[in-house]
Amino acid sequence: MFKHIITRTPCPAMIEGLSEAGLGKPDYDKAMDQHNDYIRALQTCGVDITILPPANDYPDSVFVEDPALCTPHCAVITRPGAESRRNEAELIAPVLQRFYNRVERIVEPGTLDAGDVMMVGSHYYIGKSARTNEEGARQLIAILDKYGMTGSIVVLETVLHLKTGLAYLENGNLLAAGEFVTKPEFQQYNIIEVPVDESYAANCIWVNGKVILPAGYPSTRDKIAGLGYDVIEVDTSEYLKVDGGVSCMSLRF
Ligand code: GLY
């Protein structure tokens, strides 16, 4: 069960966030409304929520998931792979020190976005991607090992982050889209396949028995609800435009 959630209010500069979506720029006011709805959904999950102030020097800073990994035993401040996001690590570091005595770091030449890291119990799958390099993944595995946890590397082929296409919903249930559906390392799980035309819905989160899912993906919603989860839909259309989603917008621990 998660006790804590950290989010950050989007800054006006979020409309200039990194994007390969080709869907145009986000509408900032709409993004604010959607962020408020996201917070309201989290408020139903029995967690305490820390809402950090907007950081206009960092257009992508609403995506707090990438500069930090919060495990049950330590926090890890990452070294984000995109230059424009690198200093988000320093921005989040003092916040993590409020919650953790043990704070570790990914250091140069390693790069790692924690959007590339998926927790399954005490094991962490780490995507080797355009943002996370092998050195960053190896450093994280060494940190996890120090605290009695394990990690393994998954090589990504097409998507931005590992959790762009995967979400672990606990109890052996793994939501998977695209390249992840057939990867051998995930065949041990009950794979819930996200249809190609709903692939964005694979970026969702389990929070204390509920699943928060982007709105507008009915087939995926029905599959998840069919497994007995309480599904909460939130509109994240403005975040999709800057390659972000439900998972990227919070740290959960
Ligand atoms: N715009 C989110 C990212 O590229 O990291």
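Being a predicted model, the structure only gives us computed values, none of them experimental. Every number for a ligand or one of its atoms is a count from 1 in the order of the listing. In what follows, every heavy atom counts, from backbone to side chain, and hydrogens, waters and symmetry copies are set aside. The residues of the chain are indexed from 1 along the displayed sequence.
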(message) At less than 4.0 angstrom from any non-hydrogen atom of F63, what atoms of ligand 1 do you find?
(response) 1 (N), 2 (C)
(request) Have a look at ligand 1 and work out which part of D60, if any, has a heavy atom under 4.0 Å from it: side chain, backbone, both or neither. (result) side chain
(message) Is it the case that over 12 heavy atoms from other parts of the model lie below 6.0 angstrom from the CD atom of E108?
(response) no
(message) So, applying side chain to side chain contact (heavy atoms under 4.5 Å, CB included) with L42, which one of D37, D48, I232, I205 is it?
(response) I205
(message) Does atom CD (Q187) have a neighbourhood of more than 12 heavy atoms from anything else shown, all under 6.0 Å?
(response) yes
(request) Compute the shortest N/O to N/O distance between L18 and ligand 1 and return yes if it is under 3.5 Å, no if not. (result) yes
(request) For the pair K223 and E193, find out whether any cationic side-chain nitrogen is under 4.0 Å from an anionic carboxylate oxygen. (result) no
(message) Which residue in the set R105, R85, R79 passes salt bridge (charged side-chain N to carboxylate O under 4.0 Å, His left out) when paired with E90?
(response) R105
(request) List the closest protein heavy-atom neighbour of atom 5 (O) of ligand 1: residue, atom name, distance to the nearest 0.1 Å. (result) R85 NH1, 2.7 Å
(request) Measure the distances from the heavy atoms of R131 to every atom of ligand 1 and state whether one is below 4.0 angstrom. (result) yes
(request) Pull out every atom of ligand 1 sitting under 4.0 Å from any heavy atom of V242, numbered as shown with elements. (result) 1 (N), 2 (C)
